2 protein chains.
Amino acid sequence: MTKVELCEVEVVDREAVERVQASQAPEEELDHLAATFQMLASPTRLRMVEALAGGELCVCDLAAVVGVSASAVSHHLRQLRQMRIVRFRKAGRMAYYRLDDEHISELFGTGLEHVRE
Amino acid sequence: MTKVELCEVEVVDREAVERVQASQAPEEELDHLAATFQMLASPTRLRMVEALAGGELCVCDLAAVVGVSASAVSHHLRQLRQMRIVRFRKAGRMAYYRLDDEHISELFGTGLEHVRE
DNA sequence: TGAACATATGAAGGAGTATTCATATGTCAA
DNA sequence: TTGACATATGAATACTCCTTCATATGTTCA
């Protein structure tokens, strides 16, 4: 029996451990949530989110705001789309992006409050 | 003049770009915010945060809840401490951790709402 | 004091990520 | 229809991160 197994078995407060374990969200939900926060874990993408909080923008203008290439922005936008952080509408050859819902700006705002305090 | 420079200069909606750029948070704040979200971008740390949302726990019990070694948990806790996601009190050789403030569970809750909808 | 223990930390390997470059797709305008 | 353009995407490289293993620190108890 290794030390690791001991540590998992000989908990200090077994009741608390079991209670907390029982209330944990399902694994796929936590994976999804982690992937969502991962999208907000990049200064470039945060700039994009902050920019879109002010209204929709096309890819080119978004690239200008955050100061990276349109290619890089497009790669980021695909990820943000996949995690439903942003959605977009096509208008001819342009694509206008906006935040998906109010949860996103709420996350941004709460996070900013936290780092500012 | 390269294509990238063109794309940065020839924006579609110059006024929008300048307005949005002017309202962007300072760089060090966005870096800090990105690092904060990074802390929430791991299923293991999210489990830890969710566990601590139910009250304080010692390192060993936290390791038991999330199912990783005490060493791994300790490494994570150090990062979470540095970003002020958690704080702790020492009691003899034990260390009891809790969430730093209500922003953290708010972020967790808002994020969970988003992925569940 | 010395052994056992809870926690902390340094180093390292393997996995994942961001950006760039090159190119593809689809749209507009001449 | 052809050329220019906005956006999208695949591949590759450089970079960062998570976990494990080994070890250190500090505390309790015999």
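Note that the structure is predicted; figures quoted are calculated from it, not measured. Here is how names work: the chains are called A, B, and so on, in the same order as the sequence lines, proteins then strands, and each is numbered from 1.
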> With sequence neighbours excluded, give me every side-chain hydrogen bond (donor to acceptor under 3.5 Å, both in side chains) pair touching residues 86-102 of chain A.
E56(A)-R89(A), E56(A)-R98(A), R81(A)-Y97(A), D101(A)-H103(A), D101(A)-H114(B)
> Pull out every residue in residues 26-34 of chain B that has a heavy atom closer than 4.0 Å to any atom of DNA chain C, ordered by number, or say none.
none
> Is it true that a side-chain atom of D61(B) and a backbone atom of V17(A) form a donor plus acceptor pair closer than 3.5 Å?
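Not a single qualifying donor-acceptor pair exists.
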> With side-chain contact (heavy atoms from CB on, under 4.5 Å) as the criterion, how do F108(A) and L99(A) come out once you've worked through the C-alpha distance, each side chain's angles and the decisive distance to 0.1 Å?
CA-CA 11 Å; F108(A) 185 87; L99(A) 299 186; over 6 Å; no
> Applying side-chain contact (heavy atoms from CB on, under 4.5 Å) to L77(B) and L62(B), what does each step give before you reach the verdict?
CA-CA 10 Å; L77(B) 285 170; L62(B) 204 43; 4.0 Å; yes
> Can you tell me the distance, in whole Å, between the CZ atom of F88(B) and the P atom of dA6(C)?
17 Å
> What is the distance, to the nearest angstrom, from the CD atom on Q82(B) to the P atom on dC17(D)?
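Distance, rounded to whole Å: 12 Å.
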> Tell me the side-chain hydrogen bond (donor to acceptor under 3.5 Å, both in side chains) pairs involving residues 34-44 of chain A, sequence neighbours left out?
none
> Considering only heavy atoms from C-beta outward, does the side chain of S71(B) approach that of H75(B) to under 4.5 Å?
yes
> Expressed in angstrom and rounded to an integer, what is the separation of K90(B) atom NZ from dA6(C) atom P?
14 Å
> Between T110(B) (side chain) and E106(B) (backbone), is there a donor-acceptor pair under 3.5 Å?
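Here the side-chain-to-backbone pair exists.
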> Nearest whole angstrom, please: distance from the C1' of dA24(D) to the CZ of R78(B).
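About 13 Å, once rounded to whole Å.
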> For the helix from dT1(C)-dA30(D) to dA30(C)-dT1(D), what angle lies between the axis at the first five pairs and the axis at the last five pairs, to 10 degrees?
30°
> Taking only side-chain nitrogens and oxygens of R93(A), does any of them come within less than 4.0 Å of OP1 or OP2 of dG3(D)?
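Checking dG3(D) against R93(A), no side-chain N or O comes under 4.0 Å of OP1 or OP2.
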> For nucleotides 13-20 of chain C, give me one character per nucleotide, 5' to 3': B if any protein heavy atom sits under 4.0 Å from the base, S if the only such contacts are to the sugar-phosphate, - if neither.
-----SSB
> Please give, in whole Å, the distance from dC18(D) P to R47(B) CZ?
15 Å
> More than 12 heavy atoms of other residues, nucleotides or ligands under 6.0 Å from CD of E117(A): yes or no?
yes
> So, R45(B) side chain and M39(B) main chain: donor-acceptor pair closer than 3.5 Å or not?
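Yes; at least one donor-acceptor contact below 3.5 Å.
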> Give the rounded distance in Å between these two atoms: CD of E56(B) and C1' of dT7(C).
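Distance check: E56(B) CD to dT7(C) C1' gives 16 Å.
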> Is a side-chain donor or acceptor of Q21(A) paired with a backbone partner of A64(B) at a separation under 3.5 angstrom?
yes
> Indicate whether OP1 or OP2 belonging to dA8(C) is found under 4.0 Å from a side-chain N or O atom of Y97(B).
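Checking Y97(B) against dA8(C): at least one side-chain N or O falls below 4.0 Å of OP1 or OP2.
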> With a 3.5 Å cut-off and sequence neighbours excluded, list the donor-acceptor pairs that the side chains of residues 47-55 of chain B form with protein atoms.
residue	atom	partner	partner atom	Å
E50(B)	OE1	A25(A)	N	3.1
E50(B)	OE2	A25(A)	N	2.9

> Please report, rounded to the nearest Å, how far the C1' atom of dA6(D) is from the CG atom of L57(A).
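It is 15 Å, rounded to the nearest whole Å.
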> Rounded to whole Å, how long is the line connecting atom CE of M94(B) with atom P of dC29(D)?
12 Å
